[in-house]
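Read through the structure below, which is laid out as structure tokens, and then see the notes.
For the numbers below, each heavy atom of this structure counts, side chains included, while hydrogens, waters and symmetry mates do not. Just so it is clear, the model here is predicted, and its values are computed rather than measured. Index from 1, following the sequence.
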Amino acid sequence: MNAPDPGRPEDGTATSLRHALHATAGELAPPPYPAERVRRLGRRRVRTRRALVAVPAAVAAVVAAVAVALPQWPGGEVPSAADSAGGKAAENRVTPSLAPAQPPAPSARPWPAVRTVRAGEPVEIGRGQVLTLSADQVCHRDTTEPGGGVEDTCKSVSDGNQAAGSVSIQSSGALLRPLYIGPGRAARMTVEVDGEVLRAQVLTLEGSPGYAVGYAWGAGVPFDGPTPKVRVSDAGGELLAEFP
């Protein structure tokens with residue numbers, strides 16, 4: 001409140017109001033100064049500033065330590081953690097091999113090697129059957145006759161009944177016997193019966209006997225069945241004769 005003007009007399013109302021306000025103000029006591037609270041707030045602000053300064057320093061120290069620990073790569077570049085993880089994953093990842101679209105074709109089954117025998121030598125060909133070659137004939141013996149008997153069947157290779165450069169076929173049950181007569185060196189014989197192609201084992205004599213005989217085991221030739229097909233070739237695959 002403004003002090004009274006000394007050059008102007010103070011009226012009674014103003015004087016009474018001034019005394020009342022003075023009396024009321026004299027009864028009011030100021031609150032105590034909160035010194036402890038002020039000090040506590042100050043310490044908190046100091047700690048906050050220190051923490052804000054310490055965190056970047058700690059981060060910088062960790063980054064420096066990681067940079068030192070990681071290996072140095074060519075060019076001075078250090079791979080990131082993502083790059084390292086990706087590299088390990090790539091190393092551990094197994095790349096499946098591509099399977100071929102088709103399996104390789106199996107190699108052709110080798111042909112039976114030609115067997116050279118001596119004239120008059122009995123050659124057991126299995127199932128109790130025996131073949132004997134000589135200069136002028138081929139004989140077949142069946143030792144499975146009832147009562148232990150044998151049956152011999154011979155075919156001449158020199159009587160002219162079979163022309164040179166031809167092949168014939170004889171059958172005894174499941175036994176098939178192609179006979180080639182001619183100047184060629186027979187090395188391969190096949191017999192086809194009902195669509196099944198059998199490779200015969202070729203037998204010949206030493207030197208140039210002028211013929212060769214073969215044998216193969218099949219399902220047999222029915223009496224009223226189709227005629228077997230026979231092909232004879234040399235070692236190079238050149239056809240020498242065929243039947244029919």
Side-chain angles (χ1 to χ4, degrees), residues 102-205 209-244:
Q102 295 180 350
S107 59
R109 181 166 55 94
W111 287 87
V114 177
R115 181 178 176 183
T116 302
V117 299
R118 298 187 305 272
E121 175 187 356
V123 180
E124 296 184 359
I125 60 176
R127 306 185 188 184
Q129 311 299 308
V130 179
L131 290 179
T132 303
L133 283 63
S134 65
D136 56 358
Q137 66 179 1
V138 177
C139 293
H140 166 230
R141 169 169 290 188
D142 182 359
T143 64
T144 62
E145 291 295 313
V150 297
E151 180 181 359
D152 291 325
T153 303
C154 295
K155 179 176 175 58
S156 174
V157 295
S158 59
D159 60 4
N161 287 333
Q162 180 175 331
S166 67
V167 61
S168 62
I169 181 76
Q170 290 81 41
S171 64
S172 300
L175 177 61
L176 303 170
R177 294 179 288 115
L179 173 64
Y180 166 74
I181 295 178
R185 304 290 293 183
R188 302 175 182 177
M189 294 184 179
T190 60
V191 181
E192 181 180 348
V193 182
D194 289 335
E196 180 183 10
V197 179
L198 306 173
R199 291 184 175 184
Q201 171 65 59
V202 179
L203 301 178
T204 188
L205 296 174
Y211 79 94
V213 66
Y215 67 90
W217 293 97
V221 180
F223 178 77
D224 57 349
T227 301
K229 298 179 181 179
V230 185
R231 291 175 60 89
V232 182
S233 305
D234 61 13
E238 182 179 353
L239 183 65
L240 300 178
E242 61 182 344
F243 174 86

Of all the heavy-atom pairs spanning Asp194 and Pro226, show the shortest one and how long it is.
OD1-CG, 2.8 Å

Ignoring hydrogens and geometry beyond distance, is a side-chain donor-acceptor pair present between Ser233 and Glu238 at under 3.5 Å?
no

Just wondering, do Val191 and Ile169 contact through their side chains at under 4.5 Å, heavy atoms?
yes

Gap between atom CD of Gln137 and atom OG of Ser158 - 0.5 Å precision:
8.5 Å

For Ala187 versus Val202, what's the shortest heavy-atom pair and its separation?
O-CG2, 3.8 Å

Separation between CD of Glu145 and CD of Glu151, rounded to the nearest 0.5 Å:
5.0 Å

About how many Å separate NZ of Lys155 and CG of Asn161, when rounded to the nearest 0.5 Å?
6.5 Å

With rounding to the nearest 0.5 angstrom, report the OG to CD distance, Ser168 to Gln162.
3.5 Å

In this structure, CG of Leu179 is separated from CD of Gln170 (nearest 0.5 Å) by 6.0 Å

Kindly state each residue pair satisfying disulfide (SG to SG under 2.5 Å) with at least one member in residues 124-153, sequence neighbours excluded.
Cys139-Cys154

side-chain contact (heavy atoms from CB on, under 4.5 Å) between Arg118 and Leu205, worked out
CA-CA 6 Å; Arg118 298 187 305 272; Leu205 296 174; over 6 Å; no

Any heavy-atom pair between the side chains of Pro228 and Glu192 that's under 4.5 Å?
no

Minimum heavy-atom distance between Thr144 and Gly128, given as atom pair plus value
CG2-CA, 4.1 Å

So which of Val167, Asp136, Thr204, Leu133 actually passes side chain to side chain contact (heavy atoms under 4.5 Å, CB included) with Tyr211?
Leu133

Specify the closest pair of heavy atoms between Arg188 and Gly237, including all atoms of both residues, with the distance to one decimal.
NH1-CA, 3.8 Å

Which atoms form the tightest heavy-atom contact between Leu198 and Leu176, and what is the distance?
CD1-CD1, 3.8 Å

With no hydrogens and no angle check, is any side-chain donor or acceptor of Ser156 less than 3.5 Å from a backbone partner on Asp159?
yes

Would Val138 and Val157 count as a side-chain contact (heavy atoms from CB on, under 4.5 Å) here? Give the steps.
CA-CA 7 Å; Val138 177; Val157 295; 4.1 Å; yes

Closer than 4.0 angstrom, basic N to acidic O: yes or no for Arg141 and Asp152?
yes

Could you list the residues that satisfy side chain to side chain contact (heavy atoms under 4.5 Å, CB included) with Arg115, not counting sequence neighbours?
Val117, Glu121, Val123, Gln201, Leu203

Please report the closest heavy-atom contact between Ala241 and Gly165, naming both atoms and the distance.
CB-O, 3.6 Å

Do any N or O atoms from the side chain of Gln129 and from the backbone of Arg127 form a donor-acceptor pair under 3.5 angstrom?
yes

For Glu124, I'd like to know if atom CD has over 12 heavy atoms of other residues, nucleotides or ligands within 6.0 Å.
no

Arg177 CZ to Met189 CE distance, which is reported to the nearest 0.5 Å:
12.0 Å

Does a side-chain heavy-atom distance below 4.5 Å link Trp111 with Arg199?
yes

